[in-house]
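Right, one structure below, let's go through it.
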There are 2 protein chains.
Amino acid sequence: MALSHAIMTALLDEELSGYDLTRRFETSLGFFWESSHQQIYRELRQLSERGWLQATPVVQDGRPDKILYALTEDGRKALAEWVQGPTNLKRAKDDLFVKLYNIGHCDPAPVLAEIRRRQEQHAARLALYEKIRQRHYAVPEQLSAHRKGIYLALAAGIRHERMYLDWCDEALTLLKDVASAEP
Amino acid sequence: MALSHAIMTALLDEELSGYDLTRRFETSLGFFWESSHQQIYRELRQLSERGWLQATPVVQDGRPDKILYALTEDGRKALAEWVQGPTNLKRAKDDLFVKLYNIGHCDPAPVLAEIRRRQEQHAARLALYEKIRQRHYAVPEQLSAHRKGIYLALAAGIRHERMYLDWCDEALTLLKDVASAEP
DNA sequence: CTTTGATACGCAACTTATTGCATATCTAAG
DNA sequence: CTTAGATATGCAATAAGTTGCGTATCAAAG
């Protein structure tokens with residue numbers, strides 16, 4: 001159960017609607033945690049039923065009505081307990097690595113192409129993260145505790161993208177003659 | 001559907017039982033793809049029903065009987081198609097990053113402790129991967145295409161562990177006064 | 001006055017993954 | 001002789017995630 005905690009984390013200091021949360025999960029928090037709007041809405045309903053969120057319908061003018069969700073005291077307590085509890089480390093589960101095991105049995109060209117695509121994607125992400133860092137987290141030592149936490153998540157993202165790009169270089173160099181040579 | 005492809009990949013050049021596969025998923029392939037034996041057995045049954053695997057019961061002497069699974073021609077074709085197809089990139093979904101967002105709202109001590117635990121886990125993994133590299137992949141340029149692929153998965157693992165360890169250092173340094181200061 | 005697009009919400013069906021439990025056989029150690 | 005441990009397989013229940021579809025409202029552009 002982790003999406004629920006990610007949602008509650010997003011609600012730590014603001015009330016948000018399902019739609020707002022969907023936006024959040026496309027940026028910031030979403031850099032580390034993806035989710036579809038369908039699942040977010042379902043999770044929100046379940047969390048309200050469990051008493052961890054307070055739902056407030058808001059009638060709007062000029063746009064469709066919405067439901068704002070706020071973290072309750074119970075929710076805050078449950079979240080704190082989860083943060084305090086143990087975290088189990090999970091493997092990445094990247095399909096590309098499984099595909100790499102198939103080189104030598106399949107045509108390697110599509111795998112090579114995929115690595116090049118990754119190179120672009122990760123370069124784009126890195127650029128985005130770097131920009132955010134420069135704008136909002138230029139001097140990490142001077143940030144509040146809360147923002148240090150967020151900065152560190154961003155820093156992990158930056159390190160990850162750099163690492164991945166370096167790996168792509170290594171992979172493309174090592175495989176450059178494989179592409180044409182073997183079937 | 002990716003576990004099924006990981007299983008088929010493991011069966012590329014040997015017949016294995018569910019038990020054997022469970023072992024494989026605790027080492028080698030398992031460094032990048034975790035799975036429980038229950039799920040593996042279920043997947044094996046489904047893949048046999050779909051005709052992608054051929055199941056052969058083997059009566060054993062001295063130990064319990066088993067079922068050996070081999071990749072069929074159809075299975076090989078399906079796997080090749082999957083390798084050729086697009087790969088969608090997935091976010092890591094590490095709970096620890098969500099927890100980082102909670103620093104400043106919760107007691108940060110347990111998060112710090114978790115980062116130290118990660119440091120140990122990743123150091124251990126790195127040592128293991130390095131050992132495997134030294135033993136079997138010392139000169140990557142001279143490997144066959146197939147083993148180059150496996151080596152690159154290992155290389156990604158090594159880079160990942162190193163990157164994570166560096167990040168842990170950064171995090172612990174940045175948070176070292178937060179631990180005592182804020183509630 | 002119609003289309004496009006953003007906002008706002010959700011159901012249903014399906015697949016995938018996790019957790020807990022259960023059952024055997026045989027070896028080797030004590 | 002009994003117990004621990006490796007080998008070998010599985011069911012059932014639950015949780016989590018994905019995919020496809022459906023319903024609205026309203027603004028602004030054409």
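For clarity, every value in this text was computed on a predicted model and none was experimentally measured. Letters A, B, ... are given to chains in the order of the sequence lines, protein chains preceding strands, and every chain is numbered from 1.
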*For the residue pair B:His105 and A:His146, does the interplanar ring angle fall in the parallel (under 30°), tilted (30 to 60°) or perpendicular (over 60°) class?*
perpendicular
*For A:Arg45, which contact category applies under a 4.0 Å heavy-atom criterion: base, sugar-phosphate, or nothing?*
sugar-phosphate
So which protein N/O to nucleotides 23-28 of chain D N/O distances come out below 3.5 Å?
{"residue": "D:dC26", "atom": "O3'", "partner": "A:Gly62", "partner atom": "O", "Å": "3.2"}

_Nearest-neighbour nucleotide for the A:Arg23 side chain, D:dG17, D:dA8, C:dT7 considered_ = C:dT7
*Shared-cluster residues of B:Val58, by chain and number - hydrophobic side chains joined below 4.5 Å*: B:Leu68
*With a 4.5 Å limit on heavy-atom distance, are the side chains of B:Leu3 and B:Phe25 in contact?*
yes
_Nearest listed nucleotide, side chain of A:Tyr19, among C:dT7, C:dT18, D:dT7_ = C:dT7
*asked:* I want to check something: taking the side chain as every heavy atom from C-beta on, are B:Val111 and B:Leu96 in contact at a cut-off of under 4.5 Å?
replied: yes
*Does B:Arg24 pair with B:Glu14 as a salt bridge, N-O distance under 4.0 Å?*
yes
*For DNA chain D, which residues in residues 24-38 of chain B have a heavy atom at a distance below 4.0 Å?*
B:His37, B:Gln38
*Which part of the nucleic acid, if any, lies within contact of A:Ser17, taking any heavy atom under 4.0 Å across all strands shown: a base, the sugar-phosphate backbone alone, or nothing?*
sugar-phosphate
*Do the side chain of A:Arg42 and the base of D:dT19 come within less than 3.5 angstrom through a donor-acceptor pair of N or O atoms?*
no
*asked:* Applying a strict under-4.5 Å side-chain criterion to I, L, V, M, F, W and Y, I'd like to know whether B:Leu128 and B:Met163 cluster together.
replied: no
*Any side-chain heavy atom of A:Ile7 sitting closer than 4.5 Å to one from A:Leu16?*
no
*Determine which pairs satisfy ring-ring contact (aromatic ring centres under 6.0 Å, His included) with at least one residue from residues 60-88 of chain B, sequence neighbours left out, and list them in order.*
B:His5-B:Trp82
*Between B:Phe97 and B:Tyr164, how do the two ring planes meet: parallel, tilted or perpendicular, split at 30° and 60°?*
parallel
*Roughly how bent is the helix from C:dC1-D:dG30 to C:dG30-D:dC1 end to end, in steps of 10 degrees, with each end axis from five pairs?*
20°
*Quick one: list whatever passes side-chain contact (heavy atoms from CB on, under 4.5 Å) with A:Glu130, sequence neighbours left out.*
A:Leu126, A:Arg133, A:Ile158, A:Arg162
_Position toward the 5' end of DNA chain D (nearest nucleotide), B:Asp20 or B:Lys90_ = B:Asp20
_Can you see if the side chain of A:Tyr41 gets near the phosphate of C:dG10 - specifically, an N or O under 4.0 Å from OP1 or OP2?_
no
*Go through C:dC9, C:dA17, D:dT9 for me and flag the one nearest to the B:Gln39 side chain.*
C:dA17
*Side chains of A:Phe31 and A:Ile132: closer than 4.5 Å at any heavy-atom pair?*
yes
